Amino acid sequence: MPPIRVEVDGATYEDDVEPRLLLVHYLRDRLGKVGTPVGCDTGNCGACTVLMDGLSVKSCSVLAVQADGHDVTTVEGLGAGGAEHPMQRAFHEEHALQCGYCTPGMIMASIDLLRENADPSEAEIRDGLEGNLCRCTGYQNIVRAVRRAAGEMRRPAEERATAEEREATP
Amino acid sequence: MISATFAYVRPGSVDEAVSALADAGEDAKVLAGGQSLTPLLRLRLAYPDALVDVGRIDELREIRDEGDAVRIGAMATHHQVLRDPLVNEHLPLIAQATATVADPAVRHRGTFGGSLAHADPAGDLPAVALALDAVLVARSVRGEREIPAADFFVDWMTSALEPDELLTAIRVPKLGPGWGSHYWKFHRTAQAWAIVGVACAVRRERGAIEDARVALTNMGPRPVRARAVERFIEGRSVSEDAFRSAGAHAAEGTEPPGDLHGSPEYRTHLAKVLTTRALTAAAAV
């Protein structure tokens with residue numbers, strides 16, 4: 001079995017894997033990163049989206065051996081020191097989910113979208129998330145959440161920190 | 001479903017890759033971006049003995065200017081192609097059609113060459129390559145050969161590549177001044193294949209269409225040039241009527257499939273309507 005070395009959510013893992021093992025199964029079954037769900041299994045729904053070297057990929061359509069030497073971020077690797085990523089917070093605040101199954105992939109795809117376009121319009125968000133299906137929300141609140149997170153992420157870091165501090169103070 | 005087992009090789013260069021293909025025999029497959037192949041493996045529609053993963057061969061990702069043509073490395077990703085300045089300047093049809101391929105995550109991994117070698121008649125890029133008279137460059141231990149797009153797509157998901165050949169690059173002649181182009185795709189959802197697509201490039205001169213190239217997606221077992229449309233429109237003055245009459249010839253000589261998304265009759269209708277629209281958009285009237 002070929003050896004692989006992958007960086008996942010900031011930690012390095014070395015493993016021998018079967019060539020046919022999918023990245024999503026490696027993440028879930030070997031590393032216990034069950035925050036990334038398996039959805040449709042055929043590259044359509046986007047639930048299993050993770051970032052590979054910063055770009056969104058559907059982890060059911062990538063073999064673990066193809067991730068060798070790469071840097072993978074799952075929804076579990078977002079935020080720092082237990083804090084939520086602005087996108088996670090925005091999904092929470094805008095109630096951008098109901099059953100939650102698509103949410104990890106939706107959040108990862110949304111972060112990828114903002115990497116290329118810091119201030120997307122509603123149409124650009126809908127277009128950018130075309131590879132992620134949600135069967136509950138009708139997408140309205142998802143679009144709102146991405147707009148909100150985009151606004152949040154465009155604010156300078158210091159300003160954001162002060163606001164967070166204020167919000168945390170009872 | 002989990003795919004059947006296969007051997008896995010990851011060559012570091014084109015020379016190593018073609019040796020690996022020669023050694024692996026007839027039942028090996030090249031793994032490019034894997035966006036079509038991985039689902040096929042998992043559905044067990046494909047069960048190769050070996051995969052030759054060319055994902056680490058950086059020389060295959062280069063896009064470069066070759067004077068009257070742009071040479072696109074077979075492993076250039078869709079994401080890379082649609083942002084490439086050479087492609088956007090000289091071959092906007094490729095950029096525009098590539099932007100309609102699946103969704104951003106798939107475009108990050110999927111490759112230009114992979115889409116062509118996969119030879120899916122419902123894929124967008126085969127018709128584009130055909131319309132642009134692209135030349136496909138294949139390498140094997142036996143040497144290198146060039147295959148015109150017109151000879152490359154042999155049958156349903158079957159290309160002219162021999163089992164030991166690797167598609168290394170695609171040379172696409174630049175469209176010069178006076179050319180306009182458009183890819184019109186009709187599909188239900190982002191990941192759905194085109195029910196019908198029309199790739200079209202026309203050269204206008206003094207109010208008339210001097211050259212026209214039209215190719216159709218998903219109107220038969222392979223992408224097909226709409227020669228009757230080209231013959232009709234060439235030399236005619238630009239007008240709504242001319243484009244509508246030209247579009248009426250779009251389905252001539254095609255063998256449209258019938259499936260869940262449309263009957264052959266429906267596809268025939270779509271081909272005519274979309275060809276008229278694509279011609280109109282390409283000529284920018």
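Chain letters run A, B, ... following the sequence lines, proteins first and then strands; every chain starts at 1. Since the structure is predicted, the reported quantities are computational estimates derived from the model, not experimental observations.
The number of heavy-atom neighbours closer than 6.0 Å to NZ of B:Lys29, taken from other residues, nucleotides and ligands shown, is 12 or below. Atom CZ of A:Arg5 is surrounded by 12 or fewer heavy atoms from other residues, nucleotides or ligands within 6.0 Å.
B:Ile2 approaches A:His25 most closely through the heavy-atom pair CD1-CE1, 4.0 Å. Heavy atoms only, all atoms of each residue included: A:Cys60 and B:Thr38 are closest at O-CG2, 3.9 Å.
Of the atoms belonging to B:Leu43, it is side-chain heavy atoms, and not backbone ones, that fall under 4.5 Å from chain A. For B:Leu31, the part lying near chain A is the side chain, with the backbone staying farther off; criterion is any non-hydrogen pair under 4.5 Å. If you measure heavy-atom distances from A:Met108 to chain B, you find no contacts under 4.5 Å at all. Heavy atoms closer than 4.5 Å to chain B are found nowhere in A:Leu129, neither backbone nor side chain. Using a 4.5 Å cut-off between heavy atoms, B:Ala4 contacts chain A through its backbone alone, with no side-chain atom that close. For a residue to count as touching a neighbouring chain, one of its non-hydrogen atoms must lie under 4.5 Å from one of that chain's; by this rule A:Asp112 touches chain B with the side chain only. Contacts between A:Leu63 and chain B at a heavy-atom distance below 4.5 Å involve the side chain alone, from C-beta outward.
Counting heavy-atom pairs closer than 4.5 Å to chain B, the top residue among A:Asp68, A:Val57, A:Leu51, A:Leu21 is A:Asp68.
Using a distance-only test at 3.5 Å, with no hydrogens or angles considered, no donor-acceptor pair links the side chain of A:Gln66 to the main chain of B:Gly55.
Rounded to the nearest 0.5 Å, atoms CD (A:Glu18) and CZ (B:Phe6) are 8.5 Å apart. Atom CG of A:Asp41 and atom CZ of B:Arg42 lie 4.0 Å apart (nearest 0.5 Å).
Heavy-atom neighbours of chain A within the stretch residues 101-121 of chain B, taken at a separation under 4.5 angstrom, comprise B:Ala102, B:Asp103, B:Pro104, B:Ala105, B:Val106, B:Arg107, B:His108, B:Arg109.
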